[in-house]
Amino acid sequence: MRKVYLDHSATTPVHPEVLEAMLPYYKEKFGNPSSIHEYGKVAKVALEEAREKVAKLFNCSPYEIYFTSGGTESDNLAIKGVAFANKKKGKHIIISSVEHHAVLESCKFLKKEGYEITYLPVDQYGFVDPFDLKKNIKDDTILVSIMHVNNETGTIQPIEELVRIAKEKGVYFHTDAVQSAGKIPIDVGKLPVDLASISAHKIYGPKGVGAIYIRKGTRIIPLSHGGHHERSRRAGTENIPGIVGLGEAVEMVLKDMDKHNKHLKNLTETFFKKLKETVKDIQLNGHPEKRIPSTLNISFKGVEGESIILSLDMKGVAVASGSACTSGSLEPSHVLSAMRIEPAVAQSSIRFSFGRENVIDDVDYTLSVLPEIIERLRSMSPIYAQSKK
Amino acid sequence: MRKVYLDHSATTPVHPEVLEAMLPYYKEKFGNPSSIHEYGKVAKVALEEAREKVAKLFNCSPYEIYFTSGGTESDNLAIKGVAFANKKKGKHIIISSVEHHAVLESCKFLKKEGYEITYLPVDQYGFVDPFDLKKNIKDDTILVSIMHVNNETGTIQPIEELVRIAKEKGVYFHTDAVQSAGKIPIDVGKLPVDLASISAHKIYGPKGVGAIYIRKGTRIIPLSHGGHHERSRRAGTENIPGIVGLGEAVEMVLKDMDKHNKHLKNLTETFFKKLKETVKDIQLNGHPEKRIPSTLNISFKGVEGESIILSLDMKGVAVASGSACTSGSLEPSHVLSAMRIEPAVAQSSIRFSFGRENVIDDVDYTLSVLPEIIERLRSMSPIYAQSKK
Amino acid sequence: MSYSDKVIEHFTNPRNVGEIENPDGVGEVGNPVCGDIMKLFIKVENDHIVDVKFKTFGCGAAIATSSMITELVKNKTLEEAEKISRKTVADALDGLPKNKLHCSNLAADALHKAIEDYKKRKKSNA
Amino acid sequence: MSYSDKVIEHFTNPRNVGEIENPDGVGEVGNPVCGDIMKLFIKVENDHIVDVKFKTFGCGAAIATSSMITELVKNKTLEEAEKISRKTVADALDGLPKNKLHCSNLAADALHKAIEDYKKRKKSNA
Ligand SMILES: Cc1ncc(COP(=O)(O)O)c(C=O)c1O
Ligand SMILES: Cc1ncc(COP(=O)(O)O)c(C=O)c1O
C-alpha cells in the first residue's frame, strides 16, 4: 500500500543530511562540551557552530540563541522566565486565545501563582486586532505572547503591528515561531520581538531539541537550574547531536525556503482545487491567503474528524485533526472555537500538512481515496442527512 | 597518538547497539506518538516499550517512569515540582552539601521563592550522618534530597538508613541516581525512595534524555506545561529516538552490570596500585571501599588539577578535575570542600573515571605518561617545593 | 489510544447503518460540542427488537459501539436489551481506550432512550 | 574555554622556571583557595631586570602567563617593566579565555610586587 504522510505540522522525518551530520556526535565525537580536554573541545566547537547557524534564522547574534529540549520548553522558558524575573514590575501577561498549549498552560500555571492573564480574542481567520492589544496593555503588563503561525490552521499572524505596540509601551514580546521557522522569514531586525521559540522536529531535525531567541538585555530567569550551561540560562548537559541536527536543519530550510515554498504551494493548491471538485460541503478554516503554503485545515460537513483520520490511515494516508498534542481531548479545538467556528464544523476538521518530500502523486493518491471515505461516513451521519433534508 | 578516555563520569560514548536501536526513529519510524495514525502508533509503542525497560532499573511500574531531557531536568522536576505542589504543607527542604549543581541551584532558586533549605554536612568520606537528618526534619519539612553516588568521588552514600528516617517522618525522599544507575542496583522496593533521577548519557545512551522515577501517589506539579505528554507531568513532544536509546542503554547496563563492575574494579585497582608505586604524595578522595568501581578521585600534592588535565590531554588521555559541570569555576570543588579537604589539595584533584570500553593497556599507557607530568609540574610548583624543605 | 481489532472491524464494516421508516422507538444522544451524535432506531414486535438501525456522527469508537450495540440487541427481548450496559458494549469490543470510554456510554444510552421512547409511545397509543 | 596556541606553547615549554638564589626582589601572589599561587624572583642591575624566574601552582593560563611575563621583563628597565599591565600579558599570549583573565592579573601583580620588594630592600639598605 502506498504511504502518504501529510502530517508535517505534527512532526517531520529527520532529513538524511541532518542525520548524517549528527552521527559523529554519538560516536567518536561524543565529548561533553563542559570538559576541557580534546573530546570536550570538539563538542564545544560543534555547539557554537550550531548556535551560529541558528542565529542566521533570526539574523541575530549567536549570543542571543539558547538551546532547549524543544518548542514546549522554549515557550515555558519565555513565559515563566520573563514572568518570574519581572514580577516586581508587574504580574499581567497578554496572550492570544489561539496559542499553543505550551503557552496556554504556562499561563494557567502562572495564574495559580497570582499572575493575571488576558486572552485576546481573534476574528474568523484567527487574527488578533491590534486595537485589542493596545487597549489591554496596562502599567503592570510585563509580557505579550502571540504566535507567529498557528499550528492548526497555518494562518500567519501579522505580528508586525502587534510587536510595534508592545515595544511602544515597553512590554516584552514573545512569539511562538515553531510553525513559522523555515517557512517564512523571522528577522528580529525587522520584526523586533524580544523572544522567539523554535523546535527542531518541525523542520526535519530531531525531536527533543529546540531553541529560544532572547534579545540581549531581556530580563529572564532560567527554568532549569544547575551548571553554567548556555551561559547559565539553561542548565543541563547539552544535547550535542540534537543541537548539531537543529543547526543543520535550520541551515537547510533557510537555504531553499523559496524553492520549497513554491513546491508546497503547488501541492496544496492542486489538492484543494481538486478536492473542491470531488467533495462538496467542505470549508477551509483560517485565512485563504495569509497562510504558510504547507498546511490546509478543512472541515468536512457532517463527519467527525477522527473517523476521517482512521479511514485515511487504513489507506496509508496520515493526517491530523487539530493539533496532534490535543488528540484525545473531547472539546473541539480551542483554536477553531476562538475563530467562532461552530462545534460540529470544528469537530469535522482535518489538517493536511505537506512536506518537502511530498510529490504530486501523493496529492492524487489522497484524492483517489478521500471522496469515498467522506461519502461513506456521511451516509452514516445523522447530521449530514439532516442538513440535506 | 593513543587516545584514552577516562572521563566516563562526565559523559560516555553512545554504545553502537544503542545507536542502532535509535536510528529507525529518525528515519522511517519518525512519527509523533501523539498522532493517532500508523506513524504515531509506531512511535507510541516504542515510547512505552522504553518505559518498561527503564522501569526494570527501578523494579517499579512503567507508570512510575517519566521521560525528561536529562538528569538536570529530572533533578529540577523532583525538587521544584515537589516544592511547589506541597507548599501548603511546608516550605522546608533538606539536602546534603555534596549534591550536584542541578539540586543545589534548584534549592537556591526556591530559597528566593521563600523556601528554607537545610544543608546537611558530610564527613571526610562524604557521608551524611543519619542522626543529622533525623535532627533536622521539622513539621514543615516536605522533601529530603540526597544523592546516591557522588559524581566527583564515586562514593556510594548509604542512603537506606536516610530513606528510612524520612519515610518514618512522612517526608518525601528524592535521590539523584545519575551516577549510580547501571552501576549499583536501585530497587525501589528495597530502597523505598519516592523520586529518583537518571540520565542516559552517563550510561552509554544519548545526551539530552533522562528519566525520573516518581512513586505512585507522590504530590508533584510539572515544570514543563503544555500538552498531555507523559500523563501531563512533562509536556513536550517526546524525544523518541533518545528515549528508545535510554531504554536500550538501561537494558544493556542492567544485563551485564556484574561483569562490567568486575572489569572496572580490576582496571581502577590496578591503576591505583601502580600509581602509588610510581608517584608519591598522592591521596585518594572519598571512601576507599564504599565506591563505584569505575571512579577514582586522586589529589596530586603541589600541582593544580587543570594543568594535569591539559598535560594529559596533550598525551591523548582525557580526565576531569572535579565535576565537568563546574569547570571554569574558581572555587575548589564544593564536594571536596564539604569533606573538609583543604583547598590546595582539592585544587590538586583529578577524577579518573573508567568505562566499559577501557582495557588494561589504557591503564598502562596512562601510567607511562602521568608520573613525568606530575614531576614536571611539581618542579614548577612553589608549594610542592615548600612542603619538601 | 489504540483501538482493538474488533473496534476497527466494526468501524470499517458497521452493521445496521441507516434509518428505519416508521420506527417504534428512537433514541438520540450526544451533541456536536463533544463530537458525537448518535441516533438509534428500533422496530419492536412481541416485546422483541426485530430490527435496529443507527446513524452516528462521531469518532471510530462511537461508530464501532453503535454498530456493536445493534448486533447485541437484535432479536433480543426488551427486557434483555435493557440489561445491556455501557460495559457490555465495551467488553464486546475487546475494550476501548480509556479516553474513549465515554463513547460506549453513548451507545448504551441511545439504546435505553429508544426503548423508553417505544414504551412511552405504546402507553400514549394505549 | 579554549587556549590559544601561544598559551599552550608557553604552558608546554615554560621559560625561566625556577628560583633565583639571593634574589633582589620577590613577588608572591594568589592563594590555594582560588587555585593559583605564583612566586616571581628578579635580579636587578643598573635598574635593569637582568634575570627573572618563577614558580607557579596553577592552571594552564597561570603557568603560561608566568612564563610570558618573564620573557616580557627580561633585560627591561624597571620603569619599562612597571608599565607591563595585565592586558599586556594577555595580549602577548593572543588572548585568554574570559574565565581565565584573573590569571593574567596574577602574573602582572607578582611582577609589580617583586619590583616593589626590590625598591623596599634598596631603601632599607640605603
Ligand atoms: C506552535 C507550536 N508551539 C509549540 C510546540 C511544541 O514544540 P515541541 O513539540 O518541540 O514540544 C508545537 C508543536 O507541537 C507547536 O506547533
Ligand atoms: C550526579 C549528577 N546529577 C545530575 C547530573 C546532570 O545530568 P545531565 O548531564 O543529564 O544534565 C549529572 C551530570 O552532569 C550528575 O553527575
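A, B, ... follow the sequence lines: proteins, then strands. Residue 1 opens every chain. Both backbone and side-chain heavy atoms feed into the values below; hydrogens, waters and symmetry mates do not.
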Going from CZ on B/F30 to CD1 on B/I240, what distance comes out if it is rounded to the nearest 0.5 angstrom? 13.0 Å
Do the non-hydrogen side-chain atoms of B/T72 and B/V178 ever get within less than 4.5 Å of each other? no
Interface check, chain A: of B/G40, B/C107, B/A43, B/S69, most non-hydrogen pairs under 4.5 Å belong to B/S69
Greatest number of heavy atom pairs closer than 4.5 Å to chain B - which of A/G316, A/G208, A/G242, A/P222: A/G208
Exactly one of B/S333, B/S9, B/S321 should register a side-chain hydrogen bond (donor to acceptor under 3.5 Å, both in side chains) with B/E152. Which one does? B/S333
Count the heavy-atom pairs under 4.5 Å between each of B/Y5, B/Y25, B/F109 and chain A, then report the option with the highest count. B/Y5
Counting heavy-atom pairs closer than 4.5 Å to chain A, which one of B/K27, B/H37, B/E105 comes out on top? B/H37
Please determine, among A/L19, A/T68, A/T11, A/N76, the option with the most heavy-atom pairs under 4.5 Å with chain B. A/N76
Below 4.5 Å from any heavy atom of chain A, which atoms of B/Y39 appear? Answer side chain, backbone, both or neither. side chain
Between B/L104 and chain A, with a heavy-atom cut-off of 4.5 Å, which part of the residue counts as in contact: side chain, backbone, both or neither? neither
Are B/I203 and B/L246 packed together at the side-chain level, in the sense that at least one heavy-atom pair is separated by less than 4.5 angstrom? yes
Do you see a donor-acceptor pair shorter than 3.5 Å between the side chains of A/H174 and A/S145? yes
Check: A/E99 main-chain N/O paired with A/H334 side-chain donor or acceptor under 3.5 Å: yes
At a 4.5 Å cut-off on heavy atoms, which part of B/I221 comes close to chain A: side chain, backbone, both, or neither? side chain
Heavy-atom distance under 4.5 Å to chain A: side chain of B/S199, backbone, both or neither? neither
Counting distance only, does the side-chain N/O of B/N32 pair as donor-acceptor with the main-chain N or O of A/A10 below 3.5 Å? yes
Heavy-atom contact with chain A under 4.5 Å, split by part of B/M22: side chain
Assert top hit (heavy-atom pairs under 4.5 Å, partner chain B, pool A/G70, A/A318, A/P241) equals A/A318
Using a cut-off of under 4.5 Å for heavy-atom pairs, which of B/G31, B/G210, B/P16 has the most such pairs with chain A? B/G31
Side chain from CB out, backbone as N, CA, C, O: work out which of these in B/K80 comes under 4.5 Å of a heavy atom of chain A, or both, or neither. side chain
Do other residues, nucleotides or ligands put more than 12 heavy atoms under 6.0 Å from B/E48 CD? yes
Do the side chains of A/E73 and A/R234 get close enough for a salt bridge, i.e. N-O under 4.0 angstrom? yes
Quick check on B/E17: does its CD atom have over 12 non-hydrogen neighbours (other residues, nucleotides or ligands) under 6.0 Å away? no
With a 4.5 angstrom heavy-atom cut-off, could you sort out which part of B/V209 is near chain A: side chain, backbone, both or neither? neither
For B/N239, is it the side chain, the backbone, both, or neither that has a heavy atom closer than 4.5 Å to a heavy atom of chain A? both
Toward chain A, the part of B/H15 with a non-hydrogen atom under 4.5 Å: neither
Region of A/V18 in contact with chain B, defined by heavy-atom distances below 4.5 Å: neither
Counting only heavy atoms not in B/K91 (residues, nucleotides, ligands), do more than 12 fall under 6.0 Å from its NZ? yes
Tell me, side chain or backbone of B/E28 under 4.5 Å from chain A's heavy atoms, or both, or neither? neither
